[in-house]
Amino acid sequence: MHGEYKVPGGKLVVVDVDVDVDVEDGVLRRARVAGDFFLEPDEALDAVNGALEGAPADTDAAGLAARIDAALPEGTVMYGLTSEGVGIAVRRALAHATDWTDYDWQLIHESPQSPALHMALDEVLTAEVAAGRRPPTLRVWEWGAPAVIIGSFQSLGNEVDAEGARRHGIEVVRRISGGGAMFVEPGNTITYSLSVPEALVQGLSFQDSYAYLDDWVLGALGEMGIRAWYQPLNDIATDQGKIAGAAQKRLVGQDGGPGAVLHHVTMAYDIDAGKMLEVLRIGREKLSDKGTRSAGKRVDPLRRQTGLPREAVIDRMIDSFRARYGLAAGKVTDQELSRARELARTKFTSPEWIARVP
């Protein structure tokens, strides 16, 4: 079995391993770790492989990492590699996980759409990936109107100042994924979705899947001169502040078969912090948790950090993804658009859905 894992901010770890099924519950045999990482001394690699030999096949990534740490020679130096990264690569091998390059990726970047239709397109396109009727898809959004998007489990009344939203003409919608509220305005926001087969994140914990699916955009930002990192659970940050938030939803496949993962990210290109504060109810506890006294300081826009027009930032992100994994131009099909419009009408603009948590 073969597994690969790109350590966030690090290097690629590759593991080939067998399972001895003649032993009760199975144990790992003949594990071989490789990759473009740096490891000193040389014998540390033999120690890593030896630590995996005989490990119960159901050992989780943390347990495998503990075995590796205990076996490493004193003074071992790892660069671009972690013990947990090796453990995750093993789990991905045992789960028969796929890799980004195993797929023919499709790009959707179309004209501006209403906030409710964007919510519906996320659900429809990810369901199509789960059903095997659509390839893995990167969709870059264009916003047709300003909006507040609240998480699936958030309280509408606790998160949104209804009077402030009406005064500024802000539409409020609820997405299918969890997480916090997002304030967006056309021209000030960069949003994208990844709709991917569940197999791509097999062997990863929920938290690790965020880092894994965010890694490409960290590379794209780095190419624009921004040193960014994944900040658990779902933020992308720089030394000048948070610049993006991510959220996920898992959709089951047909008849309970393999499903798909929706991973979407909203990035602040620019922001009217004063307006945001009049629309969102951002409590003191949340601000305290972020280590700042002002909500306006919580988000540092990409415009200032890159000095590039919004369209140029998006183009560079797309080019970076394409260079890594390949990316063919695509579109929302007529059938998908029809279903999304119906879902926007019956679900995402309905008071029952928007205020399902009052």
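Along the sequence shown, residues carry numbers from 1.
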Criterion salt bridge (charged side-chain N to carboxylate O under 4.0 Å, His left out) on Asp319 and Arg322, from CA distance to verdict: CA-CA 5 Å; Asp319 289 345; Arg322 183 181 291 113; 3.1 Å; yes

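- For the side-chain contact (heavy atoms from CB on, under 4.5 Å) criterion with Val90, the lone passing option out of Asp60, Ile68, Leu28 is Leu28.
- In this structure, a donor-acceptor pair under 3.5 Å is absent between the side chains of Arg133 and Thr333.
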Trace of the salt bridge (charged side-chain N to carboxylate O under 4.0 Å, His left out) decision for Arg174 with Glu159: CA-CA 11 Å; Arg174 185 186 294 275; Glu159 299 297 328; over 6 Å; no

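- Using modelled atom types and a 3.5 Å distance limit, the side chains of Trp141 and Ser193 yield a donor-acceptor pair.
- The pair Arg29-Asp22 fails the salt-bridge criterion, with no side-chain N (NZ, NE, NH1 or NH2) lying under 4.0 Å from an Asp/Glu carboxylate O.
- Contact check on Arg139 versus Asp122 returns a salt bridge, with a Lys/Arg side-chain nitrogen under 4.0 Å from an Asp/Glu carboxylate oxygen.
- In summary, Arg345 and Glu342 engage in a salt bridge, as defined by a charged side-chain N under 4.0 Å from a carboxylate O.
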Could you walk me through whether Glu163 and Arg166 pass the salt bridge (charged side-chain N to carboxylate O under 4.0 Å, His left out) test, one step at a time? CA-CA 5 Å; Glu163 175 56 32; Arg166 282 193 296 270; 3.2 Å; yes

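- Nearest heavy atom pair, residue Leu200 against residue Arg92, reads O-NH1, 2.8 Å.
- Classified by interplanar angle (parallel below 30°, tilted 30° to 60°, perpendicular above 60°), the ring pair Trp100/Phe321 is perpendicular.
- Annotation: side chain of Val173 is not in contact with side chain of Phe348 (no heavy-atom distance under 4.5 Å).
- Residues Ser152 and Arg356 have side chains that bring a donor and an acceptor to within less than 3.5 angstrom of each other.
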Show your working on salt bridge (charged side-chain N to carboxylate O under 4.0 Å, His left out) between Arg324 and Asp215 and close with a plain yes or no. CA-CA 11 Å; Arg324 285 184 175 217; Asp215 188 66; 3.5 Å; yes

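- Residues Tyr210 and His263 place their aromatic rings such that the two centres sit under 6.0 Å apart.
- When the options Leu194, Val265, Asp235 are evaluated for a side-chain contact (heavy atoms from CB on, under 4.5 Å) with Asp214, the one that passes is Val265.
- With no hydrogens or angles considered, a side-chain donor-acceptor pair links Ser177 and Arg175 at under 3.5 Å.
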